[in-house]
There are 2 protein chains.
Amino acid sequence: MNQAIGVIDSGVGGLTVAHELMRQLPGESLIYLGDTLRCPYGPRSEAEVKRFTWEMVNFLLPKDIKMLVIACNTATAFTLTELQEQLPIPVIGVIKPGARAAIKYTTNGHVGVIGTEGTIRSEAYATALKHIKADVRVNSLACPLFVPMVEQGVLSGERADHIVAQSLKPLKEQNHIDTLILGCTHYPLIIDTIQKTIGDQVTVISSSEETARETSTILEFHNQLQTGVATPTHQFYTTGDIGIFVKITEGIFKASADQFQSVSIKRAII
Amino acid sequence: MNQAIGVIDSGVGGLTVAHELMRQLPGESLIYLGDTLRCPYGPRSEAEVKRFTWEMVNFLLPKDIKMLVIACNTATAFTLTELQEQLPIPVIGVIKPGARAAIKYTTNGHVGVIGTEGTIRSEAYATALKHIKADVRVNSLACPLFVPMVEQGVLSGERADHIVAQSLKPLKEQNHIDTLILGCTHYPLIIDTIQKTIGDQVTVISSSEETARETSTILEFHNQLQTGVATPTHQFYTTGDIGIFVKITEGIFKASADQFQSVSIKRAII
């Protein structure tokens, strides 16, 4: 199977998923599409998110992808079931992998979830968690400042510490959870600050890492893992300003310059 | 889907997988079959392992299981592909989940694997690891004393410390690996001693935990997770002495008396 894995996101957050896919599946090629032009999806209506997501899917399908990863929480919440039913290839989203990992790690059965207002309001994580383990207790908290902070490139330092500390205060004061799901693909970029703030006694789960892990599981289960030693090629598309997208991508991939060399970034009209 | 998950093992080692399945999928019912009478499978020929495994499968299939977990490394190495091709239900083994988790956790790309002589000789883990990441370095080590030790109920204390220290000496002296796969379902029962011996700088991976995690992934992907609030029922069968099996099962489930109450144990003639 020399086909690529397709990855879609409302913008740049899904790059953390792409980065993990490249790390955990180093033989696989990716085609990424970020709808930066219309980001964020969080505050949009369900109908609009569905329409935009289908437009992204229709851009990637002719490129002969073998699997689709919805690397956006909002798009996952609104379109996963529909896409799984209607596409001829396996489709996974970012919500269930994070939920499943939390069930594996929690020992006191008390799980925290942080995300955008849209994701928290949708209760998608609480639903996914309780679907697996009916008696799990879930404390959800919207952190509306994190995405704008990350998009501005503020990933550490005093300002980041302050915003994260203020935002997580309610969860920290309750002091109940032993596991915290990062329910937004932007948040792995500030995972160190979040871990420091919430404390070492809490296991922090990156839905990006977990989604990459499950992509590997599903691909192998369908006998579709890349075999042989062909060098993968990665194509990244953005609907928005290519300069900003390149800058953010460089930032995310800064620790793996080799990988970044193999990435080509283009403007997409969808 | 009110059907149970079927779990087969050469004996009692697979109970660690069953225990994790009950923890990570608390709504699911299990039907477990341990071929204690003919344990261990490790030193047997491929033909014999295949025949015994099919006998176990044919015992479970009429019980209308919705998925099969091969909770034995030797049986996985010899029969997984065949069973996946021939059974009408999803089938997973214990090797790939452990390999995949190791790829996720390693940062230096140097992974250790310990298992029975048969499993190490088969190179099943090295093959699975390199299938995902061609340049991973693998140090394998057979630990033939661990299974007899566990079967005798020696799980901690001076004797266990000594046997584990002596067995792991070659791996510890090389000091290369940052991740260690427990490539035998007996080993999670002595994970604390293994972690203490190999050191905190090494991430120790239980293939039992990881297999339960992937069972959850595959079931949900196939839309076959148990829904509703029905209390699960668990049936455990052994081909051997029921007294010894009950004793070991009680030992494994000691920390979760509630779960053990819901387990019925019977003798199986296959």
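Proteins come first, then strands; the chains are lettered A, B, ... in the order of their sequence lines, and each starts at number 1. Heavy atoms only: backbone and side chains are in, while hydrogens, waters and symmetry mates are out.
Contacts of Leu219(A) with chain B are absent, with no heavy-atom separation under 4.5 Å from either backbone or side chain. Only the side chain of Ile218(A) has a heavy atom closer than 4.5 Å to any heavy atom of chain B. Heavy atoms of Gln84(A) lying under 4.5 Å from chain B belong exclusively to its side chain. Both the backbone and the side chain of Ala101(A) have a heavy atom closer than 4.5 Å to some heavy atom of chain B.
Distance check, rounded to the nearest 0.5 Å: CZ of Arg213(A) to CD of Glu214(B) gives 4.5 Å. Taking CD of Gln24(A) as the start and CZ of Arg100(B) as the end, the distance is 9.5 Å to the nearest 0.5 Å.
Ring geometry for His222(B) versus His222(A): interplanar angle under 30°, hence parallel rather than tilted (30 to 60°).
Top candidate by heavy-atom pairs under 4.5 Å with chain A, chosen from Lys133(B), Glu220(B), Glu209(B), Lys96(B), is Glu220(B).
Across all their heavy atoms, Val91(B) and Phe221(A) have their closest contact at O-CE1, 3.6 Å.
Other residues, nucleotides and ligands place no more than 12 heavy atoms under 6.0 Å from the CG atom of Asp200(B).
With respect to the salt-bridge test (charged N to carboxylate O, under 4.0 angstrom), the residues Lys104(A) and Glu20(B) do not qualify.
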